[in-house]
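This is a predicted model, so every value here is computed, not measured.
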There are 2 protein chains.
Amino acid sequence: MADASDNQHQTVGAWAKRYYFANRAMMESILRPYGLGSTQWFVLYELVNTGPTMQRDLAQRLHLERATLSGVVATLVRKGLVAQATGADQRQRQLTITDSGLALWKSLPDPVEVTKAIALEGADPAEVEIAIRVLRSAAERVEGNVAD
Amino acid sequence: MADASDNQHQTVGAWAKRYYFANRAMMESILRPYGLGSTQWFVLYELVNTGPTMQRDLAQRLHLERATLSGVVATLVRKGLVAQATGADQRQRQLTITDSGLALWKSLPDPVEVTKAIALEGADPAEVEIAIRVLRSAAERVEGNVAD
DNA sequence: CGATAATTGTCAGGTAGCTAACGAATTGGA
DNA sequence: TCCAATTCGTTAGCTACCTGACAATTATCG
């Protein structure tokens, strides 16, 4: 009812947005007791599962701009969870999870799994597949067009 | 290719996020020449199509927190596009689009339509329907759970 | 070799969200 | 009637994105 006038914008985009924010809110409510944000969690996830990584590569994998990741990393370094080292190429920074970061990681629930379980409980897997296909093709088409 | 390690998180949520940001980037690239952000556009849209509106009601319709809308409205007022008036109940603010706001509005393309056309070009309408259903039910389920 | 081009990370400044806390105004109940 | 509870908007402070500009470094090519 509050949505009566939303009918014009009853689009995939509108619901994608709403699901994204619901998802993120849930993840952050899970992570808040540990003092982590959702993107910070994804960074730790990558470092744990891929090992030491160049900051540049990490940005690509997480689909973040260099500048965005720079801020997230700075936060994690300040918290002592991640170490940022300079190697041969002095422009680049190599990221490694610290001991204290790993200790925190081991005590963490997986917020992606928890949220996914709630979101898709009882959903038809075939329909979920279709939803992913539609979203992916829409995302890729729009991404390709912004480049202009 | 950059997504090789994303397989673990090849979820509806991951693609919803990616589509949301692509969508928003496209909308903002369309609106940038006019000095507007996407949420600012939605506020103007509501004021144009619904007429003068209480700030409180607008927040509900746009699914924004009072605090968030407060900032967006402050920006629009500063730009002279929206007027914020106090009425009988002196706690509430009534929002109205100004003449200069309306003039700007009339010169604007509809970024939602433009983006949607690109995103869903050639997509199967039945599959789009399914995607919306999946997203809506997922969003509502997660929203219901965060309330805990 | 040496000047120009490209890469990398950071900073500055902007948009879009959130929660928590507060002041002012209104409502409700004892 | 009057005090307590509620409502509404704002502010402050946080996360998470972006673009544009910059310094430092490394690559490239004439």
Side-chain angles (χ1 to χ4, degrees), chain A residues 17-43 53-60 62-79 82 84-95 111 143 146-147, chain B residues 17-43 53-60 62-79 82 84-95 111 143 146-147:
Chain A
K17 171 178 181 176
R18 196 150 154 196
Y19 181 44
Y20 164 63
F21 277 104
N23 224 330
R24 198 153 81 79
M26 177 101 208
M27 282 188 61
E28 293 193 341
S29 80
I30 293 171
L31 293 172
R32 189 159 310 128
Y34 304 91
L36 280 183
S38 54
T39 303
Q40 294 171 33
W41 185 88
F42 280 111
V43 169
T53 307
M54 290 301 172
Q55 194 163 321
R56 172 202 51 182
D57 299 332
L58 192 54
Q60 279 196 336
L62 298 178
H63 301 286
L64 299 177
E65 288 304 311
R66 281 176 297 147
T68 304
L69 183 57
S70 179
V72 175
V73 166
T75 302
L76 290 171
V77 168
R78 185 167 39 72
K79 288 178 183 167
V82 164
Q84 195 180 34
T86 303
D89 186 334
Q90 295 203 307
R91 290 170 303 183
Q92 302 181 211
R93 301 290 132 88
Q94 189 185 49
L95 304 178
E143 280 167 357
V146 170
Chain B
K17 172 178 181 176
R18 196 150 153 197
Y19 181 44
Y20 164 64
F21 276 104
N23 224 331
R24 197 153 83 78
M26 177 102 209
M27 284 188 59
E28 294 193 340
S29 79
I30 293 171
L31 293 173
R32 190 160 310 129
Y34 305 92
L36 280 181
S38 54
T39 303
Q40 295 171 32
W41 184 87
F42 280 111
V43 169
T53 307
M54 290 303 173
Q55 194 161 323
R56 170 203 51 182
D57 299 332
L58 192 53
Q60 280 196 335
L62 298 178
H63 301 286
L64 298 176
E65 288 304 311
R66 281 175 299 147
T68 303
L69 183 56
S70 179
V72 175
V73 166
T75 302
L76 290 170
V77 168
R78 183 166 41 71
K79 289 177 184 168
V82 164
Q84 196 179 33
T86 303
D89 186 334
Q90 297 205 306
R91 290 170 303 182
Q92 303 181 209
R93 299 291 133 88
Q94 190 185 48
L95 304 178
E143 281 167 357
V146 170

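Between A:Gln40 and B:Arg32, the residue whose closest nucleotide on DNA chain D is further toward the 5' end is A:Gln40. Along DNA chain D, the nucleotide nearest A:Val72 and the nucleotide nearest B:Gly71 are compared for position; the residue whose nucleotide lies closer to the 5' end is B:Gly71. Both A:Phe21 and A:Leu69 lie close to DNA chain C; mapped to their nearest nucleotides by heavy-atom distance, the more 5′-ward contact belongs to A:Leu69.
Counting to the nearest Å, the P atom of D:dC14 and the CG atom of A:Leu76 are 16 Å from each other. Atom-to-atom, CE of A:Met27 to P of D:dA16 comes out at 9 Å; the value is rounded to the nearest Å. The NZ atom of A:Lys17 sits 11 Å away from the C1' atom of C:dT15 (whole-angstrom rounding). Whole-Å rounding puts the B:Asn23 CG to C:dG17 P distance at 13 Å. Going from atom CG of A:Asp89 over to atom P of C:dT7 covers 12 Å, rounded to whole Å. Separating the CD1 atom of B:Ile30 from the C1' atom of C:dT15 is a distance of 17 Å, rounded to the nearest angstrom. One interatomic measurement links the two molecules: CD of B:Gln94 to P of D:dT7, which rounds to 21 Å at whole-angstrom precision. With rounding to whole Å, B:Arg78 atom CZ is found 14 Å from D:dT10 atom P.
Side chains of B:Leu64 and B:Thr39 form a contact here, defined as non-hydrogen atoms less than 4.5 Å apart. Taking the side chain as every heavy atom from C-beta outward, B:Ser70 and B:Gln55 approach each other to under 4.5 Å.
Distances were taken from every side-chain heavy atom of B:Glu65 (C-beta onward) to each of C:dA24, C:dT19, C:dA6; the shortest belongs to C:dT19. Distance from the side chain of A:Gln55 is smallest for C:dT10 among the nucleotides C:dG17, C:dT10, D:dT15. For A:Ala67, whose side chain is taken as the heavy atoms from C-beta onward, the closest listed nucleotide among C:dT27, C:dA12, C:dG9 is C:dA12. Among the nucleotides D:dT10, C:dT19, C:dG9, the one closest to the side chain of A:Gln92 is C:dG9. Here the nucleotide nearest the side chain of A:Arg24, chosen from D:dA16, C:dG9, C:dT26, is D:dA16.
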Margin query: side-chain contact (heavy atoms from CB on, under 4.5 Å), that's the test. Do A:Arg93 and A:Thr86 meet it? Break it down for me.
Written below: CA-CA 5 Å; A:Arg93 301 290 132 88; A:Thr86 303; 3.3 Å; yes
Margin query: Set out, in order, the CA-CA distance, both residues' side-chain angles and the distance that settles side-chain contact (heavy atoms from CB on, under 4.5 Å) for A:His63 and B:Lys17, then state yes or no.
Written below: CA-CA 11 Å; A:His63 301 286; B:Lys17 172 178 181 176; over 6 Å; no
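Looking at every heavy atom in both residues, B:Ser29 comes nearest to B:Met26 through OG-O, 2.9 Å. Of all non-hydrogen atoms in B:Ser38 and B:Met27, the two that sit nearest each other are CB-CE, 3.8 Å.
Judged by distance alone with a 3.5 Å cut-off, a donor-acceptor contact links the side chain of A:Arg66 to the base of C:dG9. At a cut-off of 3.5 angstrom, the base of C:dT8 holds no donor-acceptor pair with the side chain of A:Arg56.
Residue A:Thr68 places at least one side-chain N or O closer than 4.0 Å to OP1 or OP2 of D:dC18. For A:Ser38 and D:dT15, the shortest distance from a side-chain N or O to OP1 or OP2 is not below 4.0 Å. Between D:dC17 and A:Tyr20, a contact under 4.0 Å exists linking OP1 or OP2 to a side-chain N or O. For the pair A:Ser70 and C:dT10, the criterion of a side-chain N or O lying under 4.0 Å from OP1 or OP2 is met. The side chain of A:Gln84 places an N or O atom within less than 4.0 Å of a non-bridging phosphate oxygen (OP1 or OP2) of C:dT10.
Within the nucleic acid shown, B:Ala59 has no heavy atom closer than 4.0 Å to any nucleic acid atom. Residue-level contact check: B:Leu64 touches the backbone only, with heavy atoms under 4.0 Å from sugar-phosphate atoms and none from bases. No engagement by B:Thr75 is indicated, since no non-hydrogen atom pair under 4.0 Å with the nucleic acid exists. No engagement by A:Ala74 is indicated, since no non-hydrogen atom pair under 4.0 Å with the nucleic acid exists.
You'll find the ring centres of A:Tyr20 and B:Tyr19 outside the 6.0 Å limit.
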